[in-house]
Visitor: 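A single structure is presented below for examination.
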Amino acid sequence: MHDSDRASESEGEGMAQHKVRVRFAPSPTGELHVGGARTALFNWLFARKHQGVFVLRFEDTDVERNRPELVEPILESLKWLGLEWDEGPYFQSQRLPLYQEHARKLLEEGRAYPCYCTPEELEAKRKQALAEKRTPQYDGTCRHLTPQERERLEAEGRRPALRFVSPKEGTTVVEDVIRGPVEFRNEEIDDFIILRSDGRPTYNFAVVVDDLTMGITHVIRADEHLKNTPKQILIYRALGADLPVFAHVPMVLAKDRTKLSKRHGATAVFEYRERGILPEALVNYLARLGWSYGDQEIFSREELIEKFSLEGIHPSPAVFDEEKLLWLNHHYIKTGDPKRLGGLVKAFAVQRGFLGDEEAEKIAEARWARAVELFRERKRTLVELAEAAVPLLTERVEYDPEAVAKFLTPEKTALLQELGGHLEAVPDAEWTAERLEREIRGWLAQRGRELKEIAQPCRVALTGVTRGPGLFETLELVGKERALKRLREAARLAASPS
RNA sequence: GUCCCCAUCGUCUAGCGGCCUAGGACUCCGGUCUUUCAAGCCGGCGACAGGGGUUCGAAUCCCCUUGGGGACGCCA
């Protein structure tokens, strides 16, 4: 009598079975957070791997909590991550007749019945049960009403909700690809509501009707739905339908090992975008969170598609680690195309107010790209990159007082002055790191001095700080005119401590 | 309270009975390189939750305990 239907046949590869169809079904009640993004990613990867279809569906039957204005941001988050959907987005709110039709069928077949209990009555019973440390379950008050009793209740003006008739004996087994068989006793499943009194479906019912009518073959979703699955299986059976394959992916937890929420700081995909995280880094990180392929850490999108499998997903929950995300982000910053990154850095510089829009546009694309090349090994986010690049690309330098005090001594600034005078002779066109290195090393040799004597003073004069890229590269990027000016003015800077 | 899931370094993980005195990655700490800071390279610290079985042999299989998480709505 148990369920072994066909769920365990799972991912039969090679077999010319039905085309894989998966879905991501967020509810527009908040921004797309990293946990949801990972679920979407797994679905997307699975679809791409099997040349299947990735469906997007919004579960928006909860009119009170729904925020239609959040739909667009969720779509944008998915696009930013590169998770393009093939079908949809569908909206449950626009499919009400479909659910009602299926509900009517269940009602006619005696698999569902009207319930006249009010939400208030039910809430009171639930509270009482909890207070008495009993399991809150529907007590079946309306299960066996006579037609006369129903009439009387209708006459009172009560609008019934529809409850599913769930079996009181036996068990229902969820064959989960990630966890294996999970058994539930049917007595733990009460007669749950499938249609609210206003005709809107509840989650468990809408999901089944949708997954069924949309031809979903693999339900890949968050772990928190595992407990709902037996209910859904009962509905599938009542509707005479085959089961999809179920895969419940473990949750993403915060550092304190509880469910990720706003109080844990950044959780939304957008927040990471704003911090200067690259989408490929977040995708790589999320994929590797709870999924693995041997010892490999770095995956291109193509590799992920090639190597992804549901069997590779770990059953245990995983803690989101920002440090590792940053490490991956750094990796992609170090290896990405400087031109593309330069464009992004420019956008961040403007967005964060490091410089004005027009000012940013005046700076050549090649210089933004060059700035990326100089700083990419020392900055982990695009925002940090933008912040660091500005002093070399614009007039905006902030001098660190400590650095000035330490390195711009009268003796050093005199040297810098002299050096500036010497570099005057270098033609604009030859103002390159290579030429400058030759020039400066030669100049130092003549004076019997070493590079380390002027490197830091020079760096501080040029950029305001003690840390940064190589001196010659820095000089080059700052440009002749601006560099000489800063060398000249170093003395004055030191004199006026402000 | 009931039910469900989970359990290898701080974190992500490899491991699917012998290859394990447990491997990799992030973090941290040394060293190296060096014009600074990084990056790179080299090295180090660091785990099979506990107890019973099964087996010639258990991180791997079973049971119990403990711990953690989640779910118990006319929310999704």
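Each chain gets a letter, A, B and so on, in the order the sequences are listed, and its residues count up from 1.
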Visitor: I need a per-nucleotide contact map over nucleotides 33-46 of chain B, read 5' to 3'. Cutoff is protein heavy atoms under 4.0 Å; write B for the base, S for backbone only, - otherwise.
Guide: --BBBBSS------

Visitor: Distance check: side-chain N/O of A:K259 vs OP1/OP2 of B:rA71, anything under 4.0 Å?
Guide: yes

Visitor: Looking at A:R185 and A:E188, is there a salt bridge between them, counting it only when a charged N and a carboxylate O are closer than 4.0 Å?
Guide: yes

Visitor: Which is true for A:C458 with a 4.0 Å heavy-atom rule: it touches a base, it touches only sugar-phosphate, or it touches nothing?
Guide: nothing

Visitor: Picking from B:rC12, B:rG73, B:rC4, which would you name as closest to the side chain of A:R288?
Guide: B:rC12

Visitor: Tell me: CG of A:L326 to P of B:rU11, nearest whole Å?
Guide: 19 Å

Visitor: In whole Å, what is the span from the CG atom of A:D62 to the P atom of B:rC74?
Guide: 12 Å

Visitor: Which one is paired to B:rG1, where only Watson-Crick or G-U wobble pairs with both distances under 3.5 angstrom count?
Guide: B:rC72

Visitor: So, are A:E384 and A:R378 salt-bridged, with charged N and O less than 4.0 Å apart?
Guide: no

Visitor: Quick one: label A:L122 by what it contacts on the DNA or RNA (base, sugar-phosphate, nothing), any heavy atom closer than 4.0 Å.
Guide: base

Visitor: Return the nucleotide paired to B:rG46: Watson-Crick means purine N1 to pyrimidine N3 with N6-O4 or O6-N4, wobble means G-U with N1-O2 and O6-N3, both under 3.5 Å.
Guide: none

Visitor: From the options B:rA76, B:rC74, B:rC5, select the nucleotide whose nearest atom is closest to the side chain of A:R163.
Guide: B:rC74

Visitor: In the structure shown, which nucleotide is the Watson-Crick or G-U wobble counterpart of B:rA59, with both distances under 3.5 Å?
Guide: none

Visitor: On a whole-Å scale, what distance lies between the C1' atoms belonging to B:rG15 and B:rU8?
Guide: 9 Å

Visitor: Is A:R447 salt-bridged to A:E453, cutoff N-O under 4.0 Å?
Guide: no

Visitor: On RNA chain B, check which nucleotide each of A:A318 and A:E64 is closest to and give me the residue with the more 5' one.
Guide: A:A318

Visitor: Is A:R288 salt-bridged to A:E297, cutoff N-O under 4.0 Å?
Guide: yes

Visitor: With nearest nucleotides of RNA chain B determined for A:L253 and A:V182 from heavy-atom distances, which residue corresponds to the more 5′ nucleotide?
Guide: A:V182

Visitor: Counting distance alone, no hydrogens or angles: does the base of B:rG24 have a donor or acceptor under 3.5 Å from a partner atom on the side chain of A:E297?
Guide: yes

Visitor: Please pick, from B:rC5, B:rC74, B:rU11, the nucleotide with the shortest atom-to-atom distance to any side-chain atom of A:D321.
Guide: B:rU11

Visitor: Would you call A:R263 and A:D256 a salt bridge, taking side-chain N to carboxylate O under 4.0 Å as the test?
Guide: yes

Visitor: In whole angstrom, give the distance that lies between atom CD of A:E188 and atom C1' of B:rC5.
Guide: 14 Å

Visitor: Taking only the side-chain nitrogens and oxygens of A:H314, find out if one of them lies under 4.0 Å from OP1 or OP2 of B:rA14.
Guide: yes

Visitor: Does B:rC33 have a Watson-Crick or wobble partner in any strand here, with both distances under 3.5 angstrom, and which is it?
Guide: none

Visitor: Looking at every strand, decide which applies to A:R65 at a 4.0 Å heavy-atom threshold: base, sugar-phosphate, or nothing.
Guide: base

Visitor: Would you call the rings of A:F246 and A:H248 parallel, tilted or perpendicular, where under 30° means parallel and over 60° means perpendicular?
Guide: parallel

Visitor: Quick one: A:R179 CZ to B:rC6 C1', roughly how many Å, whole number?
Guide: 8 Å

Visitor: Has the side chain of A:D223 got a donor or acceptor that lies under 3.5 Å from a partner of the other kind on the base of B:rA71?
Guide: no

Visitor: Counting the atoms with a prime plus P, OP1 and OP2 as sugar-phosphate, which does A:P119 contact under 4.0 Å by heavy atoms, base, sugar-phosphate, or nothing?
Guide: base

Visitor: Output the rounded distance in Å from NZ (A:K324) to P (B:rC26).
Guide: 7 Å

Visitor: Do the side-chain N and O atoms of A:E322 and A:Y272 include a donor-acceptor pair separated by under 3.5 angstrom?
Guide: yes

Visitor: So what's B:rA7 paired with, Watson-Crick or G-U wobble, going by both distances under 3.5 Å?
Guide: B:rU66

Visitor: Using a distance-only criterion (donor-acceptor N/O pair, under 3.5 Å, no hydrogens), is the base of B:rC74 paired with the side chain of A:S197?
Guide: yes

Visitor: Could you check how far NE2 of A:H331 sits from P of B:rC26, rounded to whole Å?
Guide: 11 Å

Visitor: Below 4.0 angstrom, N of the basic side chain to O of the carboxylate: do A:E59 and A:R57 qualify?
Guide: yes

Visitor: Which part of the nucleic acid, if any, lies within contact of A:P317, taking any heavy atom under 4.0 Å across all strands shown: a base, the sugar-phosphate backbone alone, or nothing?
Guide: sugar-phosphate

Visitor: Ignoring backbone atoms, establish whether A:S316 has a side-chain N or O less than 4.0 Å from OP1 or OP2 of B:rC5.
Guide: no

Visitor: Tell me: CG of A:N228 to P of B:rC4, nearest whole Å?
Guide: 15 Å

Visitor: Using the C1' atom in both, what is the distance from B:rG67 to B:rU55, to the nearest Å?
Guide: 29 Å

Visitor: Just how far, in rounded Å, is P of B:rU2 from CZ of A:F184?
Guide: 17 Å

Visitor: Taking the six-membered ring of A:Y138 (Phe, Tyr or Trp), confirm whether the NZ or CZ of A:R163 is under 6.0 Å from its centre and within 45° of its axis.
Guide: yes

